Amino acid sequence: MTTRVPAEMLDLDQVRIDPGCALQIPPSLAVRRQVLPFAVVDGHVYVACRNVDDRHAFQAIERTLQLPVRPQLAEPESLRRALERLFGDGSGPAGGAAAPARAGRPADRRRAADGESEDAVSLGEDLLRSAAIRQASDVHIDPSKDSVRIRFRVDGALEEYRHLPLAALSGMVSRLKVLAGMDIAEKRAPQDGRFTYSPGSGGYAIDIRAATLPTKYGERVTLRLLALQTESLTLERLGMAPRDLASFAQAIQKPHGLILLSGPTGSGKSTTLYAAIRRLISHRELNVVTIEDPVEYDIHGVAQVEVDAADKVSFAKALRSVLRHDPDVVMIGEIRDSETADIAIKSALTGHLVFTTLHTNSAASAVTRLIDMGVARYLVAATLRLVVAQRLVRRACRHCREPRELSAEQATLLGNPGLAGQTVYQPRGCMYCANKGFVGRLGLFEMMPADAALSRFVAGGAGEVEIAEEMQRRGVARLVDDAAEKLAAGETTVEDVLRAVTIW
């Protein structure tokens, strides 16, 4: 039975759409009647629409999804954009691809032009479009004894999308291999490939890296989705506190020196560097060259070099060549060895602004890691301009977050028992966040500006503990301090902070 709701305009541009319900209805119905099921919350399917009295459309959706409908009057232009992204003109999936595969659909034995079954093509299209709609960063296709489990990594957390019969694995893997330029006959060796996918008519594309791995029950496939557009990639969107944003913006305006970002894999270091480069090239004309593995975002006006997995183009080799091209700014994806560290330091010393990353736990430990790699202390002191430690946490949905008190145990785990009783927030799940409680991610930051006094301190033989204590005496906010501020503001949760930040 349809539940009538007040006619409040819903902006679908601010809503996370759940492909699990959005792609279940026929595209012709969605586009013709201007309806879009976008979330399931508390046993009801929420449907964005232009007419809350369109009972025939709602009854069709109820029959398909077997759930009662709650219509939500949508802002017309945002609804049109969402439908266009998902379904194009309504004759089929956006972009003219085959219709999405349905659970329980009879096998289609017709053959596509490339020799694949229509069903495999449809299944692959459904998977890619669903991942794009859900804004997943990774797709995991994992065969087991009886079925194939498909999971998406969204906002850093894995979530189960669907299960398929094991018989569907071979066709779907072959389809993805064809797209990625792999050998479909080779099933006993790992393979890597890549392709570009356009999920709709919105004009955006996704660069997808594919990797296969033979397992006991068949080939496992992992897809990494990398957005090619970077218009929204700005420093202001990363979640830096005003003091940190000012410190970072000031450091990247220096004419030369080393800007170093530290943190584990997946902590957002590369994203921050891309945002910094976009800020620089938007303010003045610069010759910028990046050396990456892989190139994660395409930036117009920047020469981006990809490191070769076969080591034909290593970081060190590429960096030596890049310096002959008169760069103003050089970005090195990661310092992995002493040779790269040495060239990076000397580049910063000879008039280049160098951005790079290291895998360390804190800003202070990044300094000592360079020294452990064989870089002379006086060179580190002379070139370093800023060290940033970074982590990523999920951003709590502002529509469904609920206040509660921080327990004494949690305050202790955060390294500050005095925070006990402070108001923090816990998301519940609602139609805006696809009932997940989170929408996107934000960074936690620890900024360590390398001024003249700190440079002398480092050159004088200070270790990691001494550097950390010196920064604390100066009142520099630590990662945990930034986390506490964002907890109080309701931007993230205690559980996410404790997973991301190590409390010494």
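Predicted, not measured: the structure shown is a model, and the values here were computed from it.
- Of the N and O atoms on the side chains of T356 and E334, not one donor lies less than 3.5 Å from an acceptor on the other residue.
- Counting non-hydrogen atoms of neighbouring residues, nucleotides and ligands closer than 6.0 angstrom, the CG atom of L166 exceeds 12 such neighbours.
- Between D481 and R478, at least one side-chain N (NZ, or NE/NH1/NH2) sits under 4.0 Å from a carboxylate O, which counts as a salt bridge.
- Around CZ of R151, the count of heavy atoms belonging to other residues, nucleotides or ligands within 6.0 Å exceeds 12.
- A donor and an acceptor atom, one from each side chain of T340 and D337, are located under 3.5 Å apart.
- Within 6.0 Å of CZ on R80 lie more than 12 heavy atoms contributed by other residues, nucleotides or ligands.
- By the 4.0 Å N-to-carboxylate-O rule, K486 lies close enough to D482 to be salt-bridged with it.
- Of all heavy-atom pairs spanning A74 and A48, the tightest one is CB-CB, 3.9 Å.
- For the pair R394 and E491, the salt-bridge criterion is not met [side-chain N within less than 4.0 Å of a carboxylate O].
- Figure legend: R134 and F152 shown without cation-pi pairing, the cationic atom not lying both under 6.0 angstrom from the six-membered ring centre and within 45 degrees of its axis.
- Using a cutoff of 4.0 Å between basic side-chain nitrogens and carboxylate oxygens, E306 and R209 are scored as salt-bridged.
- Comment: R70 does not engage D42 in a salt bridge, judged by the lack of any side-chain N to carboxylate O separation of less than 4.0 angstrom.
- The shortest heavy-atom contact between F195 and L179 is CB-O, 3.1 Å.
- Counting heavy atoms from C-beta outward, T290 and V302 have side chains that approach closer than 4.5 Å.
- Salt bridge status for D18 with K436: absent, with no side-chain N to carboxylate O gap under 4.0 Å.
- Comment: D155 engages R16 in a salt bridge, judged by a side-chain N to carboxylate O separation of less than 4.0 angstrom.
- The closest side-chain heavy-atom distance from L442 to L238 is not below 4.5 Å.
- Under 4.0 Å is where a charged nitrogen must lie from a carboxylate oxygen, and between K177 and D183 no such pair does.
- Between R149 and E160 there is a salt bridge, with a side-chain nitrogen of the basic residue lying less than 4.0 Å from a carboxylate oxygen of the acidic one.
- At a threshold of 4.0 Å, the pair K187-E219 does not count as salt-bridged, since none of the basic side-chain nitrogens sits closer than that to a carboxylate oxygen.
- T493 and Y425 form no side-chain donor-acceptor contact under 3.5 Å, judged by distance and modelled atom types alone.
- Side-chain contact, T368 with S365: no donor N or O sits under 3.5 Å from an acceptor N or O.
- Contact of the D126 side chain with the R162 side chain is registered, since non-hydrogen atoms from C-beta on lie closer than 4.5 Å.
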